[in-house]
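Sharing a structure here in structure tokens format.
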Amino acid sequence: MHVHPDTTDATTPVKDPVCGMTVVPGAAKGGSAEHRGTTWWFCNPKCREKFVADPERYLHGSAAPPTPPPPPGTKWTCPMDPEIVRDEPGSCPICGMALEPLTVSLEEAPNPELRAMWRRFWASAVLTAPLLALAMWEPGNGALSGWIQAALATPVVLWGGWPFFQRGAASVRNRALNMFTLIALGTGVAYGFSVFALLFPDALPPAQRHGGPVPLYFEAAAVITTLVLLGQVLELRARSATSGAIRALLRLAPQSARVVQADGTEVDVPLEQVRVGDVLRVRPGEKVAVDGVVTEGHGVVDESMVTGEPLPVEKAPGAKVIGGTLNQNGSFRMRAERIGRDTLLSRIVQRVSEAQRSRAPIQKLADKVSAIFVPTVIAVAAIAAVVWAWAGPEPKLAHALVNAVAVLIIACPCALGLATPMSIMVATGHGAHAGVLVRDAQALELLSRVDVLVIDKTGTLTEGRPRLVSVRARDGVDEAALLRAAASVERGSEHPLAAAILSGAHHRGVEPAAAEQFRAHPGKGIEARVDGRLVALGSASFLRERGVDPSALRSCADALRAEGQTVIFVAIDGEVAGLLGVEDPIKPSTPGALQALRDEGLRIVMLTGDHRATATAVARRLGLTEVEAEVLPEEKAEVVARLQRQGHRVAMAGDGVNDAPALAKAEVGIAMGTGADVAMESAAVTLVQGDLRGLVRARRLSAATLRNIRQNLLFAFVYNALGVPVAAGVLYPFFGLLLSPMFASVAMSLSSVSVISNALRLRRIKL
């Protein structure tokens with residue numbers, strides 16, 4: 001199927017990797033192309049062009065690793081109604097708003113809705129300006145003036161405002177009345193009345209004409225349409241700013257990677273061609289291409305753009321590195337472990353996208369209000385029209401029309417609908433930059449209301465990497481010999497404590513020997529023969545089962561547990577020989593983070609499966625008074641449920657597979673980004689750095705977001721509560737004040753822009 005350049009046989013048939021046809025290299029009409037040291041031949045030039053553009057696509061099932069299928073076509077969704085998903089841009093059938101892409105690309109693609117609205121706005125503005133001047137210059141509305149106004153207004157209302165009529169009609173068909181119902185009614189009534197008055201002036205009551213020119217409202221309909229179009233342009237532009245957070249995250253990923261080939265040569269390849277297991281070179285000032293582990297060399301990596309931690313981290317062989325982070329100093333080789341959508345950066349982008357489309361519980365309030373708001377406004381407009389037509393000043397019909405249209409326009413509930421989703425979109429993007437991934441809007445709202453925090457000890461409060469800290473040999477037993485025997489047996493174990501003992505022996509200069517007849521007893525201990533002697537390691541009960549009395553070291557064991565160490569008994573040839581003390585170090589950031597959480601009024605409960613004495617010692621060092629120790633994995637969720645039955649809002653923080661049920665059970669599950677994937681999938685919030693200080697940031701983000709949403713909702717409610725009565729004319733009997741439909745249109749547009757601008761302030765919140 002392929003040949004190397006130096007071994008090419010011009011007569012041996014090979015397959016074209018693009019179309020699969022058999023070609024003879026010496027007579028291949030499409031020529032050849034080289035990829036990763038391999039020459040490929042083609043039946044025609046077009047096949048060669050396709051191959052050169054994307055080699056990995058055509059090498060699936062051949063010498064190259066399989067590539068993932070191309071992503072599906074872009075989907076479009078509504079920011080206010082995320083359940084609406086369409087294959088192409090358009091308007092939401094529920095609220096009528098413009099749909100936006102479900103996924104954000106690196107480069108800001110042109111928004112067809114924005115482009116269309118912008119084009120309609122400018123054309124309408126050009127026609128509306130002379131129309132408004134004519135109406136003001138010749139208020140008498142003579143016959144010629146009326147026809148000129150109709151000529152100028154018709155393309156504005158019927159072409160420029162056509163999307164609003166479409167959305168208004170769709171809202172009636174779908175029985176989901178919305179802002180466009182009101183806009184379509186308002187402009188349609190004003191324009192329709194004017195056309196009727198122009199064509200059939202004698203049909204109007206004489207009182208409406210006063211023996212003079214017919215009242216026309218072409219300029220009102222055109223100006224309202226133009227102003228609403230301007231509002232749509234401003235709103236669409238402001239909404240596009242909320243995707244800036246995702247776009248900034250996408251820009252963190254480099255476009256290429258430097259692959260170290262088998263012969264030691266290095267070649268730059270597009271990021272899409274990197275495969276799991278590839279060895280990559282990262283030089284000073286370069287970004288890490290994908291997630292992986294350092295295999296050779298050293299570096300100082302700035303991870304702040306992903307984790308939110310400001311200090312750079314030194315990376316030595318064995319250290320994990322994250323795609324998109326910046327290597328400031330040093331040079332190292334790394335092995336790629338996660339690529340494409342599996343990298344942490346890609347998962348962050350996916351989480352942020354999902355969270356931005358989710359709905360907070362507080363949104364239900366806005367939804368309920370909107371459901372009854374539009375019908376109420378239509379009823380108010382109808383009542384206002386009847387009252388003005390019956391009891392208003394002359395010309396009564398004109399006053400009735402103007403005030404009804406003003407009510408319909410100013411009451412558009414766009415600001416009310418945008419209040420929550422805009423804040424959620426901005427907040428989740430800002431949180432991602434601070435190392436806080438929020439899975440859904442409900443978690444973001446509930447986090448600031450949580451009053452109890454349940455925290456798993458291992459890997460959350462502690463580093464999750466146990467270390468051997470104590471070796472206690474019985475009188476007459478050499479400590480080095482004791483440690484050598486224990487390490488020799490642990491070489492055959494996969495238990496996490498085995499790695500700690502082996503590492504501790506290595507650092508102490510003790511080399512383990514070969515072990516024979518290894519046997520593991522899960523949950524109890526292990527045993528094997530070392531240099532002909534039977535060595536057993538495990539709990540005190542494990543030794544007693546083997547006829548070994550560990551009581552001589554009980555006091556020593558209690559003392560080690562009081563210091564927070566996990567104790568392992570060692571027996572040699574049926575006699576207790578000593579103890580090993582293993583400790584999981586507390587993260588340096590844990591005490592400060594816990595104090596900050598306590599200062600915010602949180603009740604903190606430590607949860608662990610460790611021995612009670614060990615757990616109590618750790619809790620004492622951290623200033624914690626509530627400890628749930630010796631808890632089995634399946635019992636952790638029950639602890640959370642018990643606290644919930646007591647009336648508490650519970651958050652659970654953990655990092656392991658055994659924490660997943662409890663994370664899912666809590667109102668807000670918080671996973672450490674350094675932990676197991678299943679924990680992150682079960683949690684609503686992920687702290688990328690695995691540091692509880694991120695939880696403090698998450699709480700502050702939650703409080704700021706909820707405060708911002710309340711501000712938006714208050715503004716929208718107050719605006720409509722004041723605007724609708726004024727538009728209906730309640731101030732006219734007292735102050736002679738009426739609200740023009742044109743001013744109502746300006747106010748409506750500005751209210752939406754104000755809500756979005758307030759939401760964008762969340763980007764400046766310091767966490």
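Keep in mind it's a predicted model, so treat the numbers as computed, not measured.
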Original post:
Where do Thr705 and Ala427 come nearest, in terms of heavy atoms and distance?
Top reply: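 Result for this residue pair: OG1-CB, 3.1 Å.
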Original post:
Would you say Leu537 and Phe569 make side-chain contact, with heavy atoms under 4.5 Å?
Top reply: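 They are not in contact (no side-chain heavy atoms under 4.5 Å apart), so the answer is no.
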Original post:
Between Arg258 and Val282, is there a donor-acceptor pair closer than 3.5 Å when you use the side chain of the first and the backbone of the second?
Top reply: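 No, because the side chain of Arg258 does not come within donor-acceptor range (under 3.5 Å) of the backbone of Val282.
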Subject >> Donor on one side chain, acceptor on other, Glu583 and Thr566, under 3.5 Å >> reply: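 Distance-only check fails for Glu583 and Thr566.
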Original post:
Charged N to carboxylate O below 4.0 Å: is that the case for Arg612 and Glu628?
Top reply: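 Salt bridge between Arg612 and Glu628, a charged N being under 4.0 Å from a carboxylate O: no.
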Subject >> Over all atoms of both residues, closest heavy-atom pair of Val570 and Leu580 >> reply: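 Where Val570 meets Leu580 most closely, the heavy atoms are CG2-CG, 4.0 Å.
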Original post:
What distance separates Arg699 CZ from Leu453 CG, expressed to the nearest 0.5 Å?
Top reply: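 Here the rounded value is 8.5 Å.
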Subject >> Crowding at CZ, Arg642 (>12 non-hydrogen neighbours, <6.0 Å) >> reply: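 More than 12 within 6.0 Å, yes.
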**OP:** Over all heavy atoms of both residues, which pair between Cys556 and Arg472 is shortest? Give the atoms and the distance, please.
**Re:**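 What the structure gives for the nearest pair is SG-CG, 3.7 Å.
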Original post:
Does the Arg529 side chain pair with the main chain of Gly532, one donor and one acceptor, at a distance under 3.5 Å?
Top reply: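 Here the side-chain-to-backbone pair exists.
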**OP:** Supply the atom-to-atom distance Thr625 OG1 to Arg620 CZ, rounded to the nearest 0.5 angstrom.
**Re:**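 Between atom OG1 of Thr625 and atom CZ of Arg620 there are 13.0 Å.
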**OP:** Would you name the heavy atoms of Phe332 and Val301 that are closest together and state the gap between them?
**Re:**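 Residues Phe332 and Val301, closest heavy atoms: CE2-CG2, 4.2 Å.
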Original post:
Would you say the side chain of Leu624 lies within less than 4.5 Å of the side chain of Arg598, judging by non-hydrogen atoms?
Top reply: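 Contact flag for Arg598/Leu624 side chains = yes.
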Original post:
Side chains of Gln565 and Ser470: does their closest heavy-atom pair fall under 4.5 Å?
Top reply: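 Of all side-chain heavy-atom pairs linking Ser470 with Gln565, at least one is under 4.5 Å.
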Subject >> Side-chain donor/acceptor of Asp573 to backbone N/O of Leu534, under 3.5 Å >> reply: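 Pair found, side chain donor or acceptor close to backbone of Leu534.
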**OP:** List the steps, then state whether side-chain contact (heavy atoms from CB on, under 4.5 Å) holds for Leu579 with Ile568.
**Re:** CA-CA 6 Å; Leu579 301 173; Ile568 302 172; over 6 Å; no
Subject >> Exceeds 12 heavy-atom contacts within 6.0 angstrom, atom CD of Glu516 >> reply: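 12 or below, so no.
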Subject >> No-hydrogen, no-angle side-chain donor-acceptor test under 3.5 Å, Arg764 and His430 >> reply: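 Their side chains do not contain a donor-acceptor pair, so the 3.5 Å distance test is not met.
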Original post:
Is it true that a side-chain atom of Asp531 and a backbone atom of Arg533 form a donor plus acceptor pair closer than 3.5 Å?
Top reply: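 Such a contact is absent between Asp531 side chain and Arg533 backbone.
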Original post:
Considering all heavy atoms of both residues, which atom of Ala666 and which atom of Val650 are nearest to each other, and what is their separation?
Top reply: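 Answer, listing the atom of Ala666 first, then Val650: CB-O, 3.5 Å.
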Original post:
With a 4.5 Å limit on heavy-atom distance, are the side chains of Leu271 and Ser256 in contact?
Top reply: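 Not touching, per the 4.5 Å side-chain cut-off.
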Original post:
So do Asn708 and Val426 actually touch side chain to side chain, heavy atoms under 4.5 Å?
Top reply: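 SC-SC contact between Val426 and Asn708 ruled out.
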Subject >> Shortest non-hydrogen contact between Ala500 and Val582, atoms and distance >> reply: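 Heavy atoms only, the tightest pair is CB-CG1, 4.1 Å.
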Original post:
Between the side chain of Ser331 and the main-chain N/O of Pro284, is any donor-acceptor distance below 3.5 Å?
Top reply: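 Checking the backbone N and O of Pro284 against the side chain of Ser331, no donor-acceptor pair under 3.5 Å is found.
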Original post:
Is the number of heavy atoms from other residues, nucleotides or ligands within 6.0 Å of CD (Glu545) greater than 12?
Top reply: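 For Glu545, atom CD is crowded (more than 12 foreign heavy atoms under 6.0 Å).
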Original post:
With Phe542, which residues qualify under ring pair (Phe, Tyr, Trp, His ring centres under 6.0 Å), at least two apart?
Top reply: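 Here the qualifying residues are His521.
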Original post:
Has the side chain of Glu286 got a donor or acceptor atom that lies under 3.5 Å from a matching backbone atom of Arg283?
Top reply: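 Yes: the side chain of Glu286 pairs with the backbone of Arg283.
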Subject >> Verdict with supporting geometry, Leu762 and Ser423, side-chain contact (heavy atoms from CB on, under 4.5 Å) >> reply: CA-CA 7 Å; Leu762 284 170; Ser423 297; 4.1 Å; yes
**OP:** Please round to the nearest 0.5 Å and tell me the distance separating atom CD of Glu626 and atom CZ of Arg603.
**Re:**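 Between Glu626 CD and Arg603 CZ, I get 4.0 Å after rounding to 0.5 Å.
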Original post:
Could you go step by step and tell me if Leu701 and Leu447 meet the side-chain contact (heavy atoms from CB on, under 4.5 Å) rule?
Top reply: CA-CA 9 Å; Leu701 178 66; Leu447 190 55; over 6 Å; no
Original post:
For Glu337, what residues pass the side-chain contact (heavy atoms from CB on, under 4.5 Å) criterion, not counting sequence neighbours?
Top reply: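 side-chain contact (heavy atoms from CB on, under 4.5 Å) check on Glu337 returns Val293, Lys320, Arg335.
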**OP:** Report the distance from atom CG of Leu607 to atom CD1 of Ile455, rounding to the nearest 0.5 Å.
**Re:**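 Interatomic distance, Leu607 CG to Ile455 CD1, rounded to 0.5 Å: 10.0 Å.
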Subject >> Side-chain touch His298/Pro317, heavy atoms, less than 4.5 angstrom >> reply: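 They are in side-chain contact.
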Original post:
Taking C-beta and beyond as the side chain, do Arg333 and Leu280 meet within less than 4.5 Å on heavy atoms?
Top reply: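 Contact flag for Arg333/Leu280 side chains = no.
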Original post:
More than 12 foreign heavy atoms under 6.0 Å from CZ of Arg546: is that the case here?
Top reply: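 Buried by this count: over 12 neighbours within 6.0 Å.
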**OP:** May I ask you to say whether Arg561 pairs ionically with Asp558, meaning some side-chain N is under 4.0 Å from a carboxylate O?
**Re:**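 The answer is yes: the pair qualifies as a salt bridge.
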Subject >> Main-chain N/O of Arg338 paired to Asp291 side chain as donor or acceptor, under 3.5 Å >> reply: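 Here the side-chain-to-backbone pair does not exist.
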**OP:** Mark yes or no for whether Asn327, through its side chain, and Gly330, through its backbone, hold a donor-acceptor pair below 3.5 Å.
**Re:**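 A pair under 3.5 Å: yes.
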Original post:
Do the side chains of Val618 and Leu622 get nearer than 4.5 Å, heavy atoms only?
Top reply: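 Of all side-chain heavy-atom pairs linking Val618 with Leu622, at least one is under 4.5 Å.
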Original post:
Is the backbone N or O of Val530 less than 3.5 Å from a side-chain atom of Ser488, with the two atoms forming a donor-acceptor pair by type?
Top reply: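 Not a single qualifying donor-acceptor pair exists.
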**OP:** Let me see the working for Arg700 and Glu600 under side-chain contact (heavy atoms from CB on, under 4.5 Å), right down to the final yes or no.
**Re:** CA-CA 10 Å; Arg700 291 172 182 167; Glu600 293 190 6; 4.2 Å; yes
Original post:
From Arg693 CZ over to Leu594 CG, what is the distance, rounded to the nearest 0.5 angstrom?
Top reply: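 So the CZ of Arg693 and the CG of Leu594 are separated by 12.0 Å.
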**OP:** Report yes or no: do Glu667 and Gln644 form a side-chain donor-acceptor pair below 3.5 Å?
**Re:**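 Yes, a side-chain donor-acceptor pair sits under 3.5 Å.
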Original post:
How far does CE of Met606 sit from CG of Leu461, to the nearest 0.5 angstrom?
Top reply: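 It comes to 7.0 Å.
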Subject >> Pairs where residues 499-513 contributes a residue and the test side-chain hydrogen bond (donor to acceptor under 3.5 Å, both in side chains) is met, not counting sequence neighbours >> reply: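 Of all non-adjacent pairs touching residues 499-513, none passes side-chain hydrogen bond (donor to acceptor under 3.5 Å, both in side chains).
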